[in-house]
Amino acid sequence: MPVISHAPDTGIWLLSTPRTSYALRIDATGAPCHIAWGPRLTLEEAAELAVPAGPDASSFEGRSPVGEELPVDGGARFGPPSLQVRFADGTRAFEWQPVGHDVREPAPGAAELSLRFRDRVHPLEVTLRYRVHDDSDVIERHTVLRNAGDRSITVLRADSAAWSLPPLPDYRLSHVTGQWSAESQLRRDRLPYGETLLTSRRGITSHHANPWVMLDAGDATETHGRVWSAALAWSGSWRITAQRTPDGRAGFTGGAGHDGTSVPLAPGEEFTTPGFAAVCTDGGFGAASRAWHAHTLAHVLPHPWETAPVLYNSWEATGFDVDEQGQRALAARAAALGVELYVVDDGWFGARRDDRAGLGDWAPAADRFPSGLAPLSDEVHRLGMRFGLWVEPEMVNPDSDLYREHPDWVLHVPDRTRTELRNQLVLNFARQDVADWAYDWLTRLVAKNGVDFLKWDMNRAFSEAGWPGRDDGADRLWTRYVHNLYGVIDRLRADHPQLRIESCSGGGGRVDLGILSRTDQAWPSDNTDAADRVAIQHGYGQVYPARTMAAWVTDVPNQLTHRTVPLRFRFHVAMAGLLGIGGDLTRWSEEELAEGAELVAGYKRVRHLVQHGALHRLRGPGDEGPTVVEYAAHDGSEALVLAWQRVQRHGGPRGPVRLGGLTPGARYRDTRTGTVHHATVLDGYGLSLDLPPGDWASSAVHLVRLAERDGA
């Protein structure tokens, strides 16, 4: 069956993925309407589902608020609109008029459908785009608006896509909430009737919510049930609205921006919304997560199949007290531990001695690095490690040479207080001169100092989000800021193909498919407490793969929670992602250094499974007993099981955990104990966890498939 097929007699379009189908058509009014999204269909079968809309049940109801591919503001529609416009004459409605379509292959193994429309009266062109891949069930959608007239148009709302679910007996919404240092807290609640709004008004993706949703009938588990989910590829303000109607339907719409902002569209100007991808899966929440992980590795990340190095970051060891001699000493200890990437954090530049000054003056502090950063970079490279730096290009301290020279470069509103958070203001990246300034010093910094890695931070939300001197600045800056941010990163990486970048925003404030399409990993939270990280990583991994999840081992008592956790437990939690170390190695005992080196070496033996394998959540952090995850090789040749138990309750459950992703009928050897297990037993009956006694118990079990000729 073709990936995208069309039946001209019925007007049905059918998008086929390896396991699902998505069907739509243009109805008699010219509006694009949803038909089906679920198991595979043929065009003939889809036609059976395309029942013409009957007369309205009541004149008070109007058109169904669920079922259009992009609900517009206009006509007898009373649900949340995905598209709202105001034309120059004050008209605010939109009426669909189809003008054509095309199907193309934008890349090998991909197909894209474009459905082109215009307003029946006004010169606004709207194109709905759908992309499918032959190796993924994820469907990517976005919308393109073009002002084809000679007068300006105000786009009040332009969502990327709307998604409709089939009628179900009930609906449950899964998403994450949180705050700084407590991001990605998973919530699963019955979807209420009416509209449920998830949003960020902060100019960044935010710590408080993340732009993805999952819906099911309320009966899905980790391993069973059908789940519909979607994720927005956007790193600024965003909004997703889920709706449940009294007649038993549900759907959701989402895109860039938030209430109160608009997008000016000048004559001839085009606006492309960010991608809003979605997937329907069978096999519970675990299957939904694995679908997102596989898609992100195959079609989002710029270098997905690289092996991410073990990282050391200097922040906890030094704070702002950064100098060449101290960094050389830390680098030597990090190299002995087995670290492969050494990152100097905040404090290396300008007058930066605390968080009150220096941001914006991106030259090495002469009194701390008298010959610049190159000698330290050379020493790190000599030790066999890559060299990285912390930067915060979007921020400025008022106490800085940059701000004194360019006070107009920050987001601000005339005659209003410039609110400082963390003693800093936000540079207006929507201004091309600011973006060019950032690109210029960044590319010189990387080239001059042999920089292999940047930890790109962004430590505060927007306030006084104005752009004086432009009549449309307060509206235009929200999207242009993000596009210019992307542009700086894209240009920087084009200049330096070896450069790798971590997205950070005061922890997990900027994690989304948009930023991950041009960076290599993300910092999920400033909270490195191992106990708290179990829940944070659980929520993070619902959509984003472990290959993107930076996870550090830091010192105890933890700086935030003051909790003391054994070193092995801290390592085992961090081994579930991209292992990093952030403690003060000069204070580690010889025993801790030896144990750390052993655990780093152990991670290196299994990191290909963590970074590129399939995640199976065997027991969640809310279950009684240990939390357990498994990473299985896609060919079933290996598996890694990580288990963490904070407190052992006497008489509590210690039953086995059933593994997934193994080769049926095969046998697997535990590389530590030599014990041989049958896959049939591991899958059907489970693996008994050999956790040590007492609290803060953890283990890592590496299983390798035996060849048929190998004995037991």
Side-chain angles (χ1 to χ4, degrees), residues 222-223 286 530-531 533-535 537-538 546 551 553 564-577 579 591-592 594-610 613-633 636-663 666-706 710-712:
E222 187 63 32
T223 56
R533 267 297 182 115
V534 170
Q537 293 176 181
H538 179 73
V553 176
T564 296
V565 176
L567 185 65
R568 185 167 294 267
F569 190 98
R570 284 176 270 152
F571 261 96
H572 282 157
V573 172
M575 285 169 64
L579 178 63
E591 291 77 13
E592 288 173 321
E595 184 178 14
E598 173 194 338
L599 289 162
V600 167
Y603 175 74
K604 290 178 179 178
R605 289 192 290 270
V606 297
R607 63 179 164 186
H608 60 288
L609 295 170
V610 175
L615 171 65
H616 297 264
R617 293 182 291 263
L618 307 183
R619 280 187 187 157
D623 299 336
E624 192 171 8
T627 300
V628 189
V629 298
E630 174 198 0
Y631 297 94
S637 59
E638 295 178 84
L640 171 69
V641 179
L642 293 169
W644 316 287
Q645 182 158 312
R646 178 175 174 177
V647 177
Q648 291 197 11
R649 181 175 61 82
H650 180 69
R654 297 181 62 89
V657 289
R658 295 173 57 185
L659 307 190
L662 304 181
T663 302
R667 291 173 300 150
Y668 290 82
R669 186 187 301 274
D670 184 325
T671 61
R672 183 179 63 85
T673 66
T675 304
V676 174
H677 303 273
H678 290 268
T680 301
V681 174
L682 295 174
D683 175 71
Y685 297 88
L687 171 71
S688 295
L689 297 171
D690 184 21
L691 286 170
D695 297 340
W696 304 113
S698 63
S699 69
V701 179
H702 182 202
L703 301 172
V704 177
R705 186 177 61 202
L706 296 175
D710 289 346

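Bear in mind that the values here come from a model prediction, so they are computed numbers and not experimental data.
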Of L662, L609, L687, which meets side-chain contact (heavy atoms from CB on, under 4.5 Å) against E630?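 The single option meeting the side-chain contact (heavy atoms from CB on, under 4.5 Å) with E630 is L662.
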I need the [X] [atom1] to [Y] [atom2] distance, nearest 0.5 Å.
X    : Y    : atom1 : atom2 : answer
E598 : L567 : CD    : CG    : 10.0 Å
F571 : L642 : CZ    : CG    : 13.5 Å
L706 : H678 : CG    : NE2   : 9.5 Å
W644 : R533 : CH2   : CZ    : 11.5 Å
H608 : L640 : NE2   : CG    : 9.0 Å

Using a 4.5 Å cut-off on heavy atoms from C-beta on, say whether the side chain of [Y] contacts that of [X].
X    : Y    : value
H677 : L659 : no
L689 : V641 : yes
D670 : L703 : yes
R672 : V701 : no

Which heavy atom of [X] sits nearest a heavy atom of [Y], and at what distance?
X    : Y    : result
G674 : R669 : O-NH1, 3.2 Å
A574 : V553 : CB-CG2, 3.8 Å
T663 : R705 : OG1-NH1, 2.7 Å
Y668 : S637 : CE2-O, 4.0 Å
A697 : Q648 : CB-NE2, 3.5 Å
P621 : A535 : CG-CA, 4.4 Å

Does anything in residues 681-698 pair up under side chain to side chain donor-acceptor pair (under 3.5 Å), and if so which pairs, sequence neighbours excluded?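 Passing the test, one end in residues 681-698: H572-S698.
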One thing to verify: whether R605 and E638 come together as a salt bridge, which I'm taking to mean a side-chain N less than 4.0 angstrom from a carboxylate O. no
Can a donor-acceptor pair be found, under 3.5 Å and without considering hydrogens, that links the side chain of [X] to the backbone of [Y]?
X    : Y    : value
Q645 : P692 : no
R646 : A531 : no
Y631 : A576 : yes

Can you tell which of R619, H616, R617 makes a side-chain hydrogen bond (donor to acceptor under 3.5 Å, both in side chains) with E222?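 Exactly one option meets the side-chain hydrogen bond (donor to acceptor under 3.5 Å, both in side chains) with E222, and it is R617.
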Any chance you could lay out the side-chain contact (heavy atoms from CB on, under 4.5 Å) test for V610 and M575, step after step, and finish with the verdict? CA-CA 8 Å; V610 175; M575 285 169 64; 5.8 Å; no
